[in-house]
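Sharing a structure here in structure tokens format.
In listed order, ligands and their atoms are each counted from 1.
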Amino acid sequence: MKILGIETSCDETSVAVVEFSDRNIRILSHEIASQTESHRPYGGVVPEVATRQHLKHLNPMVPRVLAAGGMSLKEIDGIAVTRGPGLASSLMVGLSFAKGLAFSTGKPWVGVNHLEGHLFSAFLTQGDLPEKPHLGLIVSGGHTQIVYVKKPGEYDVIGSTQDDAAGEAFDKVAKLLGLPYPGGPEIEKKSRSGKGDAIGFPRAMLHKDHYHFSFSGLKTAVRVYLQQNPSILESEEGVCDVCASFQAAVVDVLLRKTMKACQEFDVETVTLSGGVSCNGALRAAFQSSGKEKGLEILLADPVLSTDNAAMIAAVGGFMLRAGRGSEWAEDVDPNLKLY
Ligand code: KG4
Ligand code: ZN
């Protein structure tokens, strides 16, 4: 079945058509309009700006994506749209659009959990959904979670951040260093020329007997360090060392907690998704540790790591095949949880 996916949960407007058959997913057409430039002057996502951008981009994007895939709306079997979590007004644009499209065409539609989308994104490039239980690490600007995936559709969140998400920490530390938004890619760039062991930033909750995370203390540690060592910002080498040491602390905690969970939950596969999973150091650390421990590490393609509609269409196909379409009364849920 061909599914039209729509994603407007935060600051990316995205539309995709995905072919979903049994356990196999194939992307037929896909477009993402990033709003980074519109939000950069404010140092973060401004909800009203995001909503206006979604309104501007979504309408022309749907026929454009269909045409790029050589399809018409008639050939679409269902519509999938993100219904949460995310910014309420941004979600409303996509959901209202999807409902209108479903109503006018008579096609089934389904509201999708954005986090479930991220979990599916690691399987978009290789094509097949997994047969065996595995762990999914979601690391984005809004979420940091380790999820035990018994099978697609059955999830148990075994650990999540108690305060800031990993991506949020990257963005906040970048701001402290005077680097532009979004901070993750900027910190990664500077880290390449810095020493990860230059400053011993804390690794919160590393030795606790649970899989939760905390990143706000790390951000505070960077701020305090900068207050006590203001001259470090005067040299490029100093800035690069702060970036590399901060990044090393984040990677260390994410890697060691996830690997410990792999042992306890006895899984052979780990997926990485969400914007922070674009980070080269994080990807390399997981790949090298996976190799050492005989684990399969599935990394979402960097283009599909950040918010996109292909992952939403894939989940939508899975749900519609299982007869789990949505009712008209279904609304956005900015705080939607992963079961
Ligand atoms: O998944 P995403 O596009 O949006 C959310 O659902 O939040 O993730 C955006 C987050 C931002 O915090 C951004 O700084 C971070 O992902 N990010 C990175 C990198 N690229 C994006 N963090 C670290 N290293 C990167 N290369
Ligand atoms: Zn996301």
For N/O/S atoms only: which one belongs to His118 and is nearest the Zn ion (ligand 2)?
NE2
Any N/O pair Gly275/ligand 1 closer than 3.5 Å
yes
Using atom types as modelled and distance alone, determine if a side-chain donor or acceptor of His57 lies under 3.5 Å from a backbone N or O of Thr13.
no
Just jot down the ligand 1 atoms closer than 4.0 angstrom to any heavy atom of Pro185, in number order.
19 (C), 20 (N), 21 (C), 25 (C), 26 (N)
For atom 4 (O) of ligand 1, find the nearest protein heavy atom and state the residue, atom name and distance (0.1 Å precision).
Asp307 OD2, 3.3 Å
For atom 24 (N) of ligand 1, the protein heavy atom that lies nearest, with its residue and separation
Asn279 ND2, 3.0 Å
Steps toward side chain to side chain contact (heavy atoms under 4.5 Å, CB included) verdict (Val315, His114)
CA-CA 9 Å; Val315 178; His114 179 84; over 6 Å; no
Option nearest atom 23 (C) of ligand 1 (shortest heavy-atom distance, choices Pro302, Gly141, Gly184):
Gly184
Report yes if the side chains of Ser160 and Gln162 come closer than 4.5 Å at any heavy-atom pair, otherwise no.
yes
Sub-4.0 Å atoms of ligand 1 with respect to non-hydrogen atoms of Gly142:
7 (O)
Do Phe170 and ligand 1 have an N or O pair less than 3.5 Å apart?
no
If you look at Asp307, which of its N/O/S atoms is nearest to the Zn ion (ligand 2)?
OD1
Would you say the side chains of Asp307 and His118 form a donor-acceptor pair under 3.5 Å?
yes
Does any donor atom in the side chain of Ser214 or Asp163 lie under 3.5 Å from an acceptor atom in the other side chain?
yes
Side-chain hydrophobic cluster, 4.5 Å single linkage: members besides Val46:
Tyr42, Val49
Under 4.0 Å, counting heavy atoms only: does His114 come that close to any atom of ligand 1?
yes
Looking only at side chains, do Thr144 and Thr161 share a donor and an acceptor under 3.5 Å apart?
no
Check contact between His143 and ligand 1, using heavy atoms of the residue and a distance below 4.0 angstrom.
no
Are any of the N/O atoms in Thr306 less than 3.5 Å from those in ligand 1?
no
For Cys10, state whether at least one heavy atom is located under 4.0 Å from any atom of ligand 1.
no
Could you tell me whether any N, O or S atom belonging to His114 is less than 2.8 Å from the Zn ion (ligand 2)?
yes
Mutual orientation of the aromatic rings belonging to Trp328 and Phe103 [parallel < 30°, tilted 30-60°, perpendicular > 60°]:
perpendicular
Using a strict cut-off of 4.0 Å, indicate which atoms of ligand 1 neighbour a heavy atom of His118.
1 (O), 6 (O)
Pairwise side-chain contact, Val62 with Phe97, heavy-atom cut-off 4.5 Å (strictly under):
yes
Distance to 0.1 Å, residue and atom name: give those for the protein heavy atom nearest to atom 13 (C) of ligand 1.
Asp171 OD1, 3.8 Å
Atom 26 (N) of ligand 1: the protein heavy-atom neighbour that sits closest, reported with distance to 0.1 Å:
Glu188 OE1, 2.7 Å
Would a line drawn from the ring center of Phe201 to the ring center of Phe246 be shorter than 6.0 Å?
no
Relative to the ring of Phe215, is the ring of Phe213 parallel (under 30°), tilted (30 to 60°) or perpendicular (over 60°)?
parallel
Decide yes or no on side chain to side chain contact (heavy atoms under 4.5 Å, CB included) for Glu234 and Ser231, but give the supporting numbers first.
CA-CA 5 Å; Glu234 286 162 19; Ser231 62; 4.0 Å; yes
Among Leu115, Val276, Asn308, closest by heavy atom to atom 15 (C) of ligand 1 is Val276
Atoms in ligand 1 flagged as close to Gly167, the criterion being non-hydrogen separation under 4.0 Å
12 (O)
